[in-house]
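Have a look at this one.
Keep in mind that this is a model prediction, so the values were computed, not measured.
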Amino acid sequence: MPRLPSIRPTIRPLLPSGGRRAGEPVAPPARNSYLVNCVAYVDGVAVPETNDPATALAHVRKAGKGFVWVGMFEPDADDMAGVAEIFGLHELAVEDAVTAHQRPKLENYKRYALMVIKTLNYIEHESPTTAMEIVETGEILTFLGSDFILTVRHGPHSELSGLRRDLEDDPEQLALGPATVLHAITDRVVDHYLTVVEDIEDDIDEIESYVFNPSKDVSIEQIYLLKREVLEMRRAVAPLRIPLQRLAQTENPLVPAPVREYFRDVEDHLNQVAEQVWTFDQLLSSLVDASLAEATVQQNEDMRKISAWAAIALVPTAIAGIYGMNFDYMPELSWPFGYPMVILVIVSVCVLLYRTLRKRGWL
């Protein structure tokens, strides 16, 4: 069997109403429209006129083969209640789908499994030293059954229509069942993780060059910002390792053996991402320490210069203080050259101190 392809997003315009091919989105996500797409597939081919979840599921179960793929975008509780009744979803799983903000996980129910995947999107910016946000997250929840798969998306960058089109172009793979769709989703999300990691690496390299370049200034707050974004990536990537490991290595009636083998490739890519994210976190911690150390050294340098100038200023202050005392008998008070001599002594001592301190690197 040929290797499952790595599905990547493609951008294609929607056909006008009446010219939509099977599998094309019914309509783009709108505030009052949660159902993005619903299609039944038999032998990997989309069945026309199955745009309603109840109709599509009835068709598949009557035929005794195939599956239904329903795509939803940010449904509310009422929307999910109707879908849950059709597919027999547990109320706790439905609550997770509505509220989102879940950790990546894989939960097995009696007749289906729920998998939560975090999506990442890199926000373009001029420089990491001026950006307020670098990475944004979304969420895809998938309900995987023996004859259906439901995808619930949260976040504008979790779009799957291009993935559906790519799968429909390969009926042989789509005929393997709904687990193929789950593989394609995880493969696409993890591949995008790699892209985000590469962009973050460029930002970290730029921050690093700023920290160790005396002519450029970077605040510790910006390093902490980047570290916080990396931490957000880590919360999306690290918990996904166990679900993918279970899909790749544990027998599951919902995931056929031919499909399970290809989850191992996704798991390898995810491990690569996880290791890079961990490395980024450690590197940024080191940059914070280096920046703090550099600030401490600069403060010590400034204090040393201040102390040096204070020592120089002490000489005229001390001499002027002594000769400012109101005593009748003090040396050289009546000497005509007393004042020039005092000025000469003050200047000579100050110049000598200045040259000595400068030679030692204090000035």
Side-chain angles (χ1 to χ4, degrees), residues 29 33-41 50 52-58 60-61 66-120 137-156 158-160 163-164 177-190 235-248 250-256 259-260 263 266 270:
S33 177
Y34 74 97
L35 185 63
V36 179
N37 209 325
C38 174
V39 178
Y41 297 93
T50 55
D52 176 70
T55 303
L57 186 62
V60 166
R61 291 182 174 174
F67 68 94
V68 178
W69 181 1
V70 179
M72 293 171 282
F73 181 77
E74 298 183 353
D76 58 26
D78 293 335
D79 298 330
M80 282 302 300
V83 175
E85 184 177 357
I86 295 172
F87 292 94
L89 306 181
H90 194 279
E91 59 181 5
L92 293 179
V94 172
E95 183 180 355
D96 288 346
V98 173
T99 58
H101 304 294
Q102 305 293 319
R103 283 171 56 87
K105 61 182 180 179
L106 177 64
E107 293 183 349
N108 290 315
Y109 290 84
K110 187 175 182 180
R111 292 174 307 208
Y112 61 91
L114 168 63
M115 186 169 184
V116 179
I117 308 169
K118 288 284 189 182
T119 59
L120 297 176
T137 60
E139 205 165 299
I140 300 177
L141 298 93
T142 59
F143 295 86
L144 176 66
S146 60
D147 56 3
F148 67 87
I149 181 168
L150 313 179
T151 57
V152 181
R153 299 188 294 108
H154 292 269
S158 56
E159 192 263 344
L160 295 176
L163 181 143
R164 184 186 289 264
T180 302
V181 178
L182 180 60
H183 166 266
I185 293 173
T186 56
D187 186 54
R188 171 178 173 176
V189 170
V190 173
R235 284 196 290 261
V237 172
L240 188 58
R241 300 174 78 172
I242 294 179
L244 281 180
Q245 186 179 28
R246 289 170 58 188
L247 289 171
T250 305
E251 291 187 4
N252 190 324
L254 299 175
V255 183
V259 179
R260 187 167 62 247
F263 276 106
V266 182
L270 183 70

Which residue pairs pass the salt bridge (Lys or Arg N to Asp or Glu O under 4.0 Å) test when at least one of the two sits in residues 139-149, sequence neighbours left out? R61-D147, K118-E139
Residues which pass side chain to side chain contact (heavy atoms under 4.5 Å, CB included) with A97, listed by chain and number, not counting sequence neighbours: M80, L141, F143, V152
Who pairs with A113 by side chain to side chain contact (heavy atoms under 4.5 Å, CB included), at least two apart in sequence or on another chain? L106, N108, L254
Check against side-chain contact (heavy atoms from CB on, under 4.5 Å), Y34 and D76: CA-CA 8 Å; Y34 74 97; D76 58 26; over 6 Å; no
So which heavy atom on R153 is nearest to which on G155, and how close? NH1-O, 4.1 Å
OG1 on T180 to OH on Y41, rounded to 0.5 Å: 12.0 Å
Applying side chain to side chain contact (heavy atoms under 4.5 Å, CB included) to P239 and not counting sequence neighbours gives R103, P104
For a side chain to side chain contact (heavy atoms under 4.5 Å, CB included) with V266, tell me which candidate from I185, L247, T186, L240 qualifies. T186
Verify the neighbour count for atom CD1 of I242: are there more than 12 heavy atoms of other residues, nucleotides or ligands below 6.0 Å? no
Is T142 reaching over with its side chain to a backbone N or O of L182, donor-acceptor style, under 3.5 angstrom? no
Mind listing the closest non-hydrogen atom pair of V60 and G66 along with its distance? CG1-O, 3.3 Å
Please report the shortest heavy-atom distance between P53 and I86, naming the atom on each side. CB-CD1, 4.1 Å
Evaluate the side-chain contact (heavy atoms from CB on, under 4.5 Å) criterion for residues D96 and K105: first the C-alpha distance (whole Å), next the side-chain angles of each, then the deciding distance (0.1 Å), finally the verdict. CA-CA 11 Å; D96 288 346; K105 61 182 180 179; 3.1 Å; yes
Qualifying residues under side chain to side chain contact (heavy atoms under 4.5 Å, CB included), relative to R235, sequence neighbours excluded: L231, E232
Measuring from F263:CZ to T250:OG1, what's the distance to the nearest 0.5 Å? 12.0 Å
When rounded to the nearest 0.5 angstrom, what is the spacing between CZ in R111 and CG in L89? 9.0 Å
Spacing of M115 atom CE and T151 atom OG1 [to the nearest 0.5 Å]: 13.5 Å
Restricting to non-hydrogen atoms, name the atom on A93 and the atom on Y112 that form the minimum distance, rounded to 0.1 Å. CB-OH, 4.1 Å
Before giving the answer on side-chain contact (heavy atoms from CB on, under 4.5 Å), spell out for V70 and F148 the whole-Å C-alpha distance, their side-chain angles and the decisive distance to 0.1 Å. CA-CA 8 Å; V70 179; F148 67 87; over 6 Å; no
Closest approach of A84 and V94, non-hydrogen atoms and distance? CB-CG2, 3.5 Å
Sorted by chain and number, sequence neighbours left out, side-chain hydrogen bond (donor to acceptor under 3.5 Å, both in side chains) with N252 holds for none
Mind checking whether V39 and W69 have side chains closer than 4.5 Å, heavy atoms only? no
Is it the case that more than 12 heavy atoms not belonging to R246 sit under 6.0 Å from its CZ atom? yes
After noting the C-alpha distance and the side-chain angles of V255 and L144, does the key distance pass the side-chain contact (heavy atoms from CB on, under 4.5 Å) rule? CA-CA 9 Å; V255 183; L144 176 66; 4.2 Å; yes
Correct closest heavy-atom pair for A236 and L120 would be CB-CD2, 3.9 Å
